[in-house]
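To start, the structure under review is shown below, and the notes come after it.
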Amino acid sequence: MKAIVLLLAWVSVTYALDNGLGLTPPMGWNSWERFRCNTDCVNDPENCIGEKLYMQMADRMAEDGYKDAGYQYINVDDCWMAKERGPDGRLQADPVRFPSGMKALGDYIHSKGLKFGIYEDFGTETCGGFPGSKFFMESDAQTFADWGVDLLKLDGCYSNIQDMTSGYPIMEFFLNKTGRPILYSCSWPAYFVANSKIPDYKAIAKSCNIWRNFDDIQDSWESVVSIVGYYGKNKGNFSDVAGPGSFNDPDMLIIGNFGLSREQQRSQMAMWAIMAAPLIMSTDLRKIDPYSKALLQHKEVIAINQDRLGKPGALLVDMNMIQFWIRPVTPEGSVAFAVLYTGSAGTPEKLSVQCQSLGMVGPGAYNVTEVFDGHFIGMFKPTSNINITVNPSGVFFAKAVYLGDQK
Ligand code: GLA
């Protein structure tokens, strides 16, 4: 008995980073895409970057079903700081917008059973022009640990990409040194890609729990399609290094905002599940409509996103704006697949697709269920055909559970 327990422990250590965090893609909420760098608490007290916003979002996460659905992190993004460090060189929150201080905010978030995320930058300044961590990494890591921070997003504005390869692991070292488990979210590869350089994903996966590969998401379908397209190309083979403890981050969920139709919101949710992406919402949870809320909390979609294999999906083909994606999931031999119609005009496409080209390679049969409405489609063999209808800017999203070769 003992030997088995030890063996299991060893297996999980080989996959995970030192800190043991992020064994499935992290889930939470981040202020950036929806609330940006709104520091005007005088004229816009409800929506400005201040402690009230994060406390209210923590309340909504805890009370409105998000926490029960698996969302954990409340992430403070850029623009939370005072413009200057304190006299002791320590970071400090803007005293007017965060009058209780960051430790108190962390305590509040923890009191709701949630986790506290924060944003800093590897360079001399954050992207929004607040003090960066360059020359202060050790003390900043300690400050975050003292405040009870559970996640650090370390951005890369105002720095040289040449310094990142050695610098991001140094922050990892200082985070570990604090003794507090802090999930480490790195923007390192995104800055390489923005400078047309191929990142060293093996090194990145060794130091970071999650990492941004590409552009910031904006509140539009074009932005979602461009990000999904980038992940489909898998340039630098970043999906090979993903797994428990290490995930590629295509950026936040914009579901519940202004730019996506219902169909497009379903597409984002399905594709983030297929890509094994962190599910970090950036929307106003105080005002979200019931459709978006139900989608963000969809049990089966989340189950696929969180599948313990942690293997991201791959784009198999892209023909006339119709993309075929598959992701291996449990139980063994099963797949989740998405047929995504990236074009946003036209009429629904009706397709008849051979199951093996959707990852059902057998030799036995599969039970296929549509994920969003839970409709059982039928039992299929690799050579059978399946009929699919996909709407413009919509997705057909299904799970094929492998029944073994006896069927
Ligand atoms: C960069 C990041 C964004 C956000 C902003 C904040 O653009 O990629 O996710 O954190 O900085 O300034």
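Sequence positions, counted from 1, serve as the residue numbers for this chain.
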Centre of [Y]'s six-membered ring, under 6.0 Å away, within 45 degrees of the axis: is that where NZ or CZ of [X] sits?
X	Y	value
Lys83	Phe130	yes
Arg180	Phe144	no
Arg327	Phe337	no

Between [atom1] on residue [X] and [atom2] on residue [Y], distance to nearest 0.5 Å:
X	Y	atom1	atom2	answer
Cys208	Lys153	SG	NZ	13.5 Å
Phe380	Asn385	CZ	CG	9.0 Å
Leu260	Ser267	CG	OG	8.5 Å
Ser223	Gln268	OG	CD	8.5 Å
Leu151	Ile118	CG	CD1	10.0 Å
Ile255	Leu295	CD1	CG	4.5 Å

Do any N or O atoms from the side chain of [X] and from the backbone of [Y] form a donor-acceptor pair under 3.5 angstrom?
X	Y	result
Ser357	Val353	no
Asp289	Ser292	yes
Ser393	Ser344	no
Asp373	His375	yes
Asn305	Ala277	yes
Asp88	Arg90	yes
Asp68	Gly65	no
Asn209	Gly245	yes
Trp188	Pro199	no
Tyr231	Ser226	no

For [X] and [Y], test the side chains for any donor-to-acceptor distance below 3.5 angstrom and give the result as yes or no.
X	Y	result
Tyr184	Ser207	no
Ser100	Glu51	yes
Gln142	Thr178	no
Ser31	Asp77	no
Asp150	Tyr73	no
Asp240	Asn237	no
Asn176	Asn19	no
Thr143	Asp140	no
Asn248	Trp211	yes

Quick one: closest heavy-atom pair of [X] and [Y], and the distance?
X	Y	value
Thr126	Pro131	CG2-O, 3.8 Å
Tyr119	Met81	O-CE, 4.0 Å
Asp121	Gly156	OD2-N, 3.4 Å
Arg286	Arg60	CA-CD, 3.9 Å
Val368	Ala398	CG1-CB, 4.0 Å
Met269	Leu253	SD-CD1, 4.3 Å

Taking 4.0 angstrom as the limit, do Lys103 and Asp107 come out as a salt bridge?
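Result for this pair is yes, salt bridge flagged.
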Between the side chains of Glu138 and Lys177, is the shortest nitrogen-to-carboxylate-oxygen separation below 4.0 Å, so that they form an ion pair?
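Salt bridge present between Lys177 and Glu138.
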Using the ring centroid of each side chain, check whether [X] and [Y] are separated by less than 6.0 Å.
X	Y	result
Phe122	Tyr168	yes
Phe238	Tyr201	yes
Trp80	Trp147	yes

List for me each residue that meets disulfide (SG to SG under 2.5 Å) alongside Cys37, sequence neighbours excluded, and say none if there are none.
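Checked Cys37 against disulfide (SG to SG under 2.5 Å); matches are Cys79.
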For the side-chain contact (heavy atoms from CB on, under 4.5 Å) test, which of Ser384, Cys355, Ser334 pairs with Met360?
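That would be Cys355.
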Would you say [X] has more than 12 foreign heavy atoms packed within less than 6.0 Å of its [atom1]?
X	atom1	value
Lys381	NZ	no
Gln162	CD	yes
Phe173	CZ	no

Please assess Leu340 against Val390 for the test side-chain contact (heavy atoms from CB on, under 4.5 Å), listing each intermediate value before the final yes or no.
CA-CA 7 Å; Leu340 176 73; Val390 57; over 6 Å; no
Kindly indicate whether the side chain of Met102, heavy atoms from C-beta on, has any atom under 4.5 Å from the side chain of Gln92.
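The answer is no, as the side chains (C-beta and beyond) never meet within the 4.5 Å cut-off.
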Determine whether Leu152 and Leu183 make a side-chain contact, defined as any pair of heavy atoms from C-beta on separated by less than 4.5 Å.
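No; the side chains remain at least 4.5 Å from each other.
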For Lys233 and Asp318: C-alpha separation, side-chain torsions, deciding distance, then whether salt bridge (Lys or Arg N to Asp or Glu O under 4.0 Å) applies.
CA-CA 11 Å; Lys233 290 200 193 88; Asp318 185 349; over 6 Å; no
Kindly determine whether Thr383 and Gln354 satisfy side-chain hydrogen bond (donor to acceptor under 3.5 Å, both in side chains), including the steps that lead there.
CA-CA 6 Å; Thr383 48; Gln354 201 176 47; 5.5 Å; no
Give the ring-plane orientation class for Phe98 versus Tyr54, where under 30° counts as parallel, over 60° as perpendicular and anything between as tilted.
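Phe98 and Tyr54: parallel rings.
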As a quick check of understanding, evaluate side-chain contact (heavy atoms from CB on, under 4.5 Å) for Met252 and Thr283, giving each step before the final call.
CA-CA 9 Å; Met252 290 160 260; Thr283 187; over 6 Å; no
Please name the residue in the list Asp251, Asp155, Asp249 that meets the salt bridge (Lys or Arg N to Asp or Glu O under 4.0 Å) test with Arg212.
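Per the salt bridge (Lys or Arg N to Asp or Glu O under 4.0 Å) rule, the option paired with Arg212 is Asp251, out of Asp251, Asp155, Asp249.
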Please evaluate residues Thr24 and Gln306 with respect to the criterion side-chain hydrogen bond (donor to acceptor under 3.5 Å, both in side chains), reporting the C-alpha separation (whole Å), side-chain torsions for both, the decisive distance (0.1 Å), and the verdict.
CA-CA 5 Å; Thr24 59; Gln306 295 286 300; 2.6 Å; yes
Pair Tyr341-Asn391, side-chain contact (heavy atoms from CB on, under 4.5 Å): steps then yes or no
CA-CA 7 Å; Tyr341 187 172; Asn391 297 335; 5.9 Å; no
Glu125 vs Cys157, test: side-chain contact (heavy atoms from CB on, under 4.5 Å). Steps then yes/no.
CA-CA 7 Å; Glu125 286 176 29; Cys157 275; over 6 Å; no
